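The structure displayed is predicted, hence computed values, not measured ones.
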Amino acid sequence: MQRRSFLTKSAAGAAAAALSAPALAQSQPAISWRLTSSFPKTLDTIFGACDKFTKRVAELTGGKFVIRNFAAGEIVPGFQVLDAVQAGTVEMGHTPSYYYFGKDPAFAFDCAVPFGLTSRQQTAWYDQGGGRELMREFFKGYGIVNFMAGNTGTQMGGFYRKEIRSVADMKGMKMRVAGFAGRVMERMGVVPQQIPAGDLYAALEKGTIDAAEWVGPYDDEKLGLSRVAPHYYAPGWWEAGPQLSFYINHKEWDKLPKEYQAAIEAASYECHVVMQAEYDAKNPAALARLLKGGVKLHTFSKEIMDEAYKVTQQVMEEEAAKNAKFKKIYEPWKRFRQDQNQWASVAEATMQNYLISMGRK
């Protein structure tokens, strides 16, 4: 009798547990949001992060919280995502924060600055090193709550119509390059241009620009830039670990049930990890295809790297001297970068360099 009673109670408990999740979902409101991205749907790694994110949010909320994705240009142009979220035109956006460098250079810390943090270091700074708190305070002034939304890893330095051997070769060159890098490049004699991904091929083909940087082999191959600019350079010293971000209108965020807020946080973390993994997995084969197709791979000369580093330090110190918001983030960020690079030199870089050297034998 005792055993039968125990089994009966256990079955009843299991049934109640099975019903609790749907019942919880049913008790929550049905919410529909719109998300606008800075990217076209053809870039499945970057825009694909939006699809993964919204799918996970729906799954985690029993289908009650639905977010629809829109590519660049479907609601607003790619460079106007921040404005759209701030104004409440859409509840949510997906974008790299350095696109809004013109509003305030401090935006770049949420994404990448020249000679900045690697992908792992950027995540560590944001998640464990005080970055989240600093950036959330900064974004509050724009009525936005920001979340990590992926990283590409260190990017390539772009495609060039001709070889670039020295700083002198860069004088007068028109290049698609955004954010802080544009200011640094300008001091090195380059004429920076900010052009959306979908317009890069035509601009290179027509000679409107002489060079263009985007992300790395997998995405760059899709854009076809190598067909009109065969010289491919590394590294993208201005994007050591560029982080993508989800923006949410602060008022809309505050309206969400706590369970929905938790779903957004969890889904954004998943997106952040998966994007980097996708790029690491897909870039090697894409680079091999580009090289097989005739792309000429180069590394920037030491002269160019040294000059870019020197100018970067000047530009950042000048900005910190006149921009209090920038300085508040820059000072602790700079200390974090120094500590991270010292640690990386002990184990990570030593191991990686050894393995690379063995792979060449």
Side-chain angles (χ1 to χ4, degrees), residues 82 96-126 128-142 146 151 154-155 157-158 164 166-168 170-173 175-194 213 233 235-243 245 300-345 349:
L82 182 139
S97 293
Y98 64 11
Y99 276 4
Y100 314 104
F101 177 87
K103 293 179 180 291
D104 193 316
F107 274 105
F109 288 111
D110 194 54
C111 183
V113 299
F115 297 99
L117 302 173
T118 65
S119 174
R120 281 179 56 184
Q121 291 170 349
Q122 177 73 12
T123 298
W125 174 71
Y126 185 89
Q128 299 289 323
R132 178 187 287 105
E133 293 75 16
L134 287 166
M135 294 314 303
R136 286 278 172 87
E137 181 181 354
F138 174 77
F139 272 100
K140 192 173 182 180
Y142 293 84
N146 63 309
N151 202 304
T154 302
Q155 295 190 1
I164 305 297
S166 66
V167 175
M170 301 174 71
K171 303 293 184 183
M173 181 178 70
M175 180 177 182
R176 185 275 178 195
V177 63
F180 241 125
R183 185 180 289 185
V184 173
M185 290 277 201
E186 192 170 27
R187 291 203 184 181
M188 296 172 68
V190 174
V191 182
Q193 309 285 318
Q194 187 153 303
E213 60 82 32
Y233 276 82
W237 45 263
W238 51 92
E239 292 178 300
Q243 176 178 292
S245 294
F300 288 118
S301 67
K302 189 174 187 303
E303 176 195 334
I304 291 175
M305 293 292 286
D306 287 348
E307 180 66 12
Y309 183 82
K310 182 183 76 174
V311 174
T312 294
Q313 306 318 305
Q314 293 171 352
V315 168
M316 295 190 76
E317 292 296 333
E318 289 170 8
E319 188 63 36
K322 65 183 181 183
N323 183 339
K325 291 180 181 178
F326 183 92
K327 184 177 182 179
K328 186 172 183 178
I329 301 170
Y330 175 55
E331 293 297 338
W333 176 92
K334 185 167 58 172
R335 291 191 296 271
F336 186 87
R337 180 184 63 171
Q338 182 179 6
D339 290 344
Q340 285 294 300
N341 288 337
Q342 287 178 345
W343 160 234
S345 70

Close side-chain approach of [X] and [Y], heavy atoms under 4.5 Å:
X      : Y      : result
Tyr233 : Ile164 : yes
Phe180 : Thr312 : no
Cys111 : Glu239 : no
Pro105 : Asn323 : yes
Gln340 : Arg120 : no

Is Glu307 paired with Lys310 through a side-chain N to carboxylate O contact shorter than 4.0 Å?
-> yes
Looking only at non-hydrogen atoms, find the nearest pair between [X] and [Y] and report the distance.
X      : Y      : result
Gly157 : Met175 : O-CE, 3.7 Å
Ser97  : Phe139 : OG-CZ, 3.6 Å
Gly116 : Ala240 : O-CB, 3.8 Å
Gly179 : Gln194 : N-OE1, 4.2 Å
Arg187 : Val311 : CB-CG1, 3.8 Å
Val177 : Gly182 : CG1-CA, 4.0 Å

Got more than 12 heavy atoms from elsewhere within 6.0 Å of [atom1], [X]?
X      : atom1 : result
Arg132 : CZ    : yes
Lys327 : NZ    : no
Lys140 : NZ    : no

Distance (rounded to the nearest 0.5 Å) between [X] [atom1] and [Y] [atom2]:
X      : Y      : atom1 : atom2 : result
Ile329 : Asp104 : CD1   : CG    : 8.0 Å
Met188 : Ile304 : CE    : CD1   : 6.5 Å
Leu134 : Lys325 : CG    : NZ    : 13.5 Å

Donor-acceptor check, side chain of [X] to backbone of [Y], threshold 3.5 angstrom: yes or no?
X      : Y      : value
Gln243 : Thr123 : no
Arg337 : Phe115 : yes
Arg176 : Glu213 : yes
Tyr330 : Glu319 : no

Can you check side-chain contact (heavy atoms from CB on, under 4.5 Å) on Tyr309 and Trp237, steps first, answer last?
-> CA-CA 9 Å; Tyr309 183 82; Trp237 45 263; over 6 Å; no
Do you know which of Trp125, Tyr126, Phe138 makes side-chain contact (heavy atoms from CB on, under 4.5 Å) with Phe109?
-> Trp125
Give the intermediate values and the outcome of side-chain contact (heavy atoms from CB on, under 4.5 Å) for residues Met316 and Trp333.
-> CA-CA 12 Å; Met316 295 190 76; Trp333 176 92; 4.2 Å; yes
How about Phe107 and Tyr99: are their ring centroids closer than 6.0 Å?
-> no
